[in-house]
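Chain naming here is simple, since letters A, B, ... match the order of the sequence lines and numbering starts at 1 in each. Bear in mind the structure is a predicted one, so any value in this text is a computation, not a measurement.
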Amino acid sequence: MVLIDCFLMLLLAYGFGFLYYGLYRNLSARVHGRFGPSLAQSFFDSVKLFVKEQSTTFGWMFYAGPIIMATGAVLNVLFIPFINHGDSLQGLSSSANLIVVLYLMVLGPLGNALGVGSNGNPFGVMGITRGLTRLIALELPFYLAVIGVMIDAGSADFSAIFEAQSQEMNLLKHPLLFMAAFISFLGFMGKSPFDVVGAPQEVYSGPATEFSGKFFALLLSQSAMFSFAKLLLMVNLFLGGADDLGDLVLKTFVLFVAATFIGSVYARFSTIQSVEFLMRIPTLLGIVGLALL
Amino acid sequence: MEEGFNAYRQSLESEEQSIKSTQSVVEQAIAWFRAHSMFVLAYGTGCGAIEMPPTFTSRYDIERLGVVGVATPRQADILIVSGYCSPKTLKRVIRSYEQMSDPKYIIGLGSCTINGGMYWDSYNTIKKLDDFLPVDMYVNGCMPRPEALIEGFVKLQEKIRLNSSEAGYIKYRDNYAHYRANQERLFGAQVAPSYEENFAGMN
Amino acid sequence: MLHFEATLLGHLFFGLSLLVIVALLRKNDGLWHLLLLGSLGIIFYASSLVTLFIGWEMMGWSGYFILSKTARVSTLQRYILFNLGGAFALLGAIALLFSFMGSMMLCDIDLTLLPVWALHSVSALVLIAVFVKSGIIGAHDWVVDSYQEASPLFSAVLSAILSKAGIYLFIVLLLKQPHDERVLFELMAWLGAITSVVATFKAISQDEIKRLLAYSSIAQLGYIITALSLMQAYALEAALYHTVIHTLVKLLLFVNVAAIMAITGKERFSELGGLLYRVPLLFVLLVIGIIALAGMPLLGGFNGKFLLYTALLEEKRALLLATVMFSSASAFLYCYKLVYGIYLGQRPHDESPLHVSPKSYYIPQLLSAALLILLGFLPALPTPLFSAIGVEAGFSALEFTKPSILNSPFGSFNGAVLMSAFGVVFVLILGLLQRVHSKAKAAQNAQDISYCGEVPKAGVNLHFGYGMGHELGRIGFIAFILRRQSRRFWDYLNLIVGDLSILLRSLYALGTQHILLLSLLGFTLLLLGGL
């Protein structure tokens, strides 16, 4: 039963992940005044990359890097409940809690960082260093918000967090915490202005520099699923979770469109700018939000 | 013999049908995916580089065809060599091409890649890109407009869908000695390390 | 007369020490190590304050003798000065306690009997001893240099156990506090959190491997100090859990680095790199170590942090928790620097031949890696022990259901499910990836990287393990932290003490009649005071 549930969750995450990825490209094209590719374009890309005849590898650690990354993304999907009540689409979320999920989110990228480091390309490691430096500042406001949510719910379990939001969702209860978390969330989603990690011009697309063919395909697929997992987390933490599948689609979509539109109009911050920005305004928002708790 | 655009088109289609009948469904599907997702490494070697930004941005929006620019050769499917190549640039172009994963294609943008174009008597540019790298699609003109480049992409898309054995990367693999000899003649001692080992175990 | 008593807490700490010292025992300096182990035994099983103090002193000087084989004189002086200072503070606390309790036995100590000022003084004095031993920021001056200059294996001992003696001291002497007097412990909690932040950023900016590990050690002890200051059952469990994990992790990491130093003879990130495929087993062990050090789930390292976070959440200490989590997130950077700088990236160009590392380096690492994996799989395995220790200390028992489920008041998680889910998903994805049409093709050589169409030439540095984290220096807030040095404070103190001694010496130089006059004056004042 649990296995079927997990399988369904993965399927949904995969489907919605690619759909949202396609939508993202479409919507940002509209913002730019273009038409953009078809909705399934990202899916086509990933299939094409999977069937490339060659993929360059630099040894077993390089091979394992994207797999660890994808494993981390899959685990995130499995440990975050999709629906805020009942037994269906809960996956393994009863065996873990919010703190575990927060740390699982970093496990995949760290595994991938090992793969990136092992290929000996300095650009990849530059990207990783940027990412880790940015992470320092990115996590601070997010943690502040998450701590507020957990203290409010009196538990780190998702069920308790849903319970605490049954009357009024956290977005309305703690708007400042939501704002702090949302700014970090933009960064977690790799949206501008915090997308300095994979800058194609300066660091040759950063961590992804050496990944070709099936490895890059795996990275693309996991990033689609991982983005969906992050959307889910935000929905669960601040929008009260989803009552049913329709609600899930609606809430993730709203959040996703907001992130996309904001991401399409900003220019990129440098690493230092983004750290300094994140350490000031969102952190302050988070602290004030906590004080008001 | 019928003449005109329609006749040309029909002849192409019948050729396409005959090739397709020899392919399995999986091969056709793979070819379709390849044709509808093209990652481009746009190497701005010459003045043609100025035509690529409009092609990729709002005015011409080539992303509609599934064409996206990428930064590194590892992920690219298509290399655009945009205009004349000095030997110094060509060395990097070759290196980039060799690091791309099969299947890979080259678009030669502008007359300079065909015969040197207006640099036909220059002492410092190559005259025929095809001597050094297998060009799959030429886009003629000096400079070709973005429309021409898009047309080139569409033609290349058709070629990819046919999945023919005359693709450039197969030619390069099979005739590596020829291309390598040309490269060595041009660069002399400064030629980049050979990529021959890469073809071991392929075919 | 030495008094001993076996307690569970003593068993735990002595068991850890035994594990580390036996794992690291070598023929040439075995005697001193055994002496150190003996002194630790005296501390951990002492039932009277005098025994405890004797053990404390023995630990200080036996460490000194081992350190003196490799360290510079100035480092040694700093080591002994700080440790003596800590020991004197402990002695002061013991004297105060004795004057109020009238007994030297640990079981007779009842802090509720003390008046408030004495309670504060005793707490402050013991805390000084604890902070010096754990190297809390401000008193960490001796730690970094000693760790760096000690022989690699002794650094492991210093970091894995000697720093834990302070934790033991705190639990034994101060844990049974009357709960209304908390100002000092509030301070202690923040000191721990700030220590972890500052030491983390300092660690990131280091070029020598052992200095990085030393700072990371300080940061980890900061977490433990923060956990201890909360004085509740789950926080105590967090502190004890983190102590165990940190002992295992630092044993693994220092021995790993010792092995690397034996193989290459280098000890800086800027001289190392690209060893991954030369010594793959060491690489895997280090990765296990850093995953545990960073507190990632799957391995044991997460459990201690999880308990700490939930304890802080239970106490509603949001800002403190945010600070701790912030430092823990920043720790990823030095963890990655550690593994990248040594094993990943390109080999440096002045490649000298590699020596074969002795097999004995692998045993302690494999042991602690196995324990870390076990604790990841069964996170609540040691909970009954911690619970019993908590009960000994007067706390309520901890919730325990299954070894695989770690409970806390703020939620629980199942390590076995986590680990097996990871394993299954990893294998599935690996299988899928190998099945797909695309062929993996090995890159030609280490120089076959996409480098803007260039072929990297010999002599171009493609490895910047030591450059990693330099960006941090340009971020205002972090640069501010990095510029602070406690060394300056101690130098200043040194200067003042010197000046004061000159003043004092001027008294001697006054001449006999003045001294006589002064003594007469003093005597008169004393008499007047007495009347």
Side-chain angles (χ1 to χ4, degrees), chain A residues 18 21-22 24-58 62 66 116 119 121 123-124 127 198-220 264, chain B residues 26-42 44 53-78 96 98-105 157 160-161 163 167 169-170 172-173 195 197-203:
Chain A
F18 272 115
Y21 210 161
Y24 159 68
R25 287 171 71 171
N26 247 310
L27 287 174
S28 55
R30 294 301 163 116
V31 175
H32 297 159
R34 296 185 282 127
F35 285 99
S38 82
L39 269 188
Q41 186 59 50
S42 307
F43 178 69
F44 298 163
D45 290 347
S46 88
V47 173
K48 181 233 22 198
L49 285 164
F50 268 124
V51 296
K52 282 285 256 191
E53 284 173 22
Q54 290 177 336
S55 326
T56 311
T57 163
F58 291 76
F62 184 82
V116 173
N119 66 36
N121 192 320
F123 293 112
Q201 291 85 4
E202 306 154 49
V203 287
Y204 224 33
S205 63
T209 305
E210 287 292 341
F211 289 100
S212 56
K214 60 181 176 183
F215 303 111
F216 193 52
L218 192 60
L219 286 179
L220 270 187
S264 316
Chain B
V26 178
E27 277 174 340
Q28 281 182 28
I30 288 177
W32 189 89
F33 276 115
R34 280 178 185 157
H36 284 79
S37 159
M38 296 188 274
F39 285 7
V40 174
L41 180 68
T55 317
F56 283 99
T57 50
S58 342
R59 179 80 186 189
Y60 292 97
D61 187 22
I62 202 171
E63 203 183 356
R64 285 172 298 161
L65 304 180
V67 177
V68 190
V70 289
T72 89
R74 294 285 184 206
Q75 294 147 14
D77 308 310
I78 292 165
S96 296
E98 285 173 338
Q99 286 184 332
M100 288 161 61
S101 318
D102 293 351
K104 51 192 174 186
Y105 307 91
Q157 221 172 13
I160 295 173
R161 279 190 63 182
N163 205 2
Y169 69 100
I170 300 177
Y172 192 68
R173 188 195 296 162
Y195 242 75
E197 300 158 32
N198 266 14
F199 308 133
M202 295 304 292
N203 287 321

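Both the backbone and the side chain of A/Glu210 come within less than 4.5 Å of a heavy atom of chain B. With a 4.5 Å cut-off on non-hydrogen atoms, B/Ala35 does not touch chain A at all. Residue A/Phe44 touches chain B through both its backbone and its side chain, counting heavy-atom pairs closer than 4.5 Å.
Not counting sequence neighbours, the partners of A/Pro207 by the side chain to side chain contact (heavy atoms under 4.5 Å, CB included) test are A/Val116, A/Ile128, A/Val197.
Here the shortest heavy-atom pairing between A/Phe35 and B/Asp61 reads N-OD2, 2.9 Å. The minimum heavy-atom distance between A/Arg25 and B/Val68, with the atom names listed, is NH2-CG2, 3.0 Å. Of all the heavy atoms in A/Pro37 and B/Glu63, the pair that sits closest is CB-O, 3.3 Å. Residue A/Tyr204 comes nearest to B/Thr72 through the heavy atom pair O-CG2, 3.3 Å, listed as atom of the first residue, atom of the second, then distance. For the residue pair B/Arg74 and A/Ser212, the shortest heavy atom distance occurs at O-CB, 3.0 Å. Taking both residues in full, the closest heavy atoms of B/Gln75 and A/Thr209 are given as NE2-O, 4.1 Å, listed atom of the first, atom of the second, then distance.
With hydrogens and angles ignored, the 3.5 Å screen pairs a side-chain donor or acceptor of B/Ser58 with a backbone N or O of A/His32. With hydrogens and angles ignored, the 3.5 Å screen pairs no side-chain donor or acceptor of A/Gln41 with any backbone N or O of B/Leu65. Between the side chain of B/Asp102 and the backbone N or O of A/Glu53 there is no donor-acceptor pair closer than 3.5 Å.
Counting heavy-atom neighbours within 6.0 Å of B/Phe39 CZ, excluding the residue itself, gives a total above 12.
Between chain B and the residues A/Gly213, A/Ser42, A/Pro200, A/Gly36, the most heavy-atom pairs under 4.5 angstrom are made by A/Gly36. Contact count against chain A (heavy-atom pairs under 4.5 Å) is highest for B/Asp77 among B/Asp77, B/Ile30, B/Ile62, B/Val67.
Here A/Leu49 contributes atom CG and B/Ser101 contributes atom OG; the two are 8.5 Å apart, rounded to the nearest 0.5 Å. The distance from atom CZ of B/Arg64 to atom CG of A/Asn26, rounded to the nearest 0.5 Å, is 12.5 Å. To the nearest 0.5 Å, atom CE of residue B/Met100 and atom CD of residue A/Gln54 are 11.0 Å apart.
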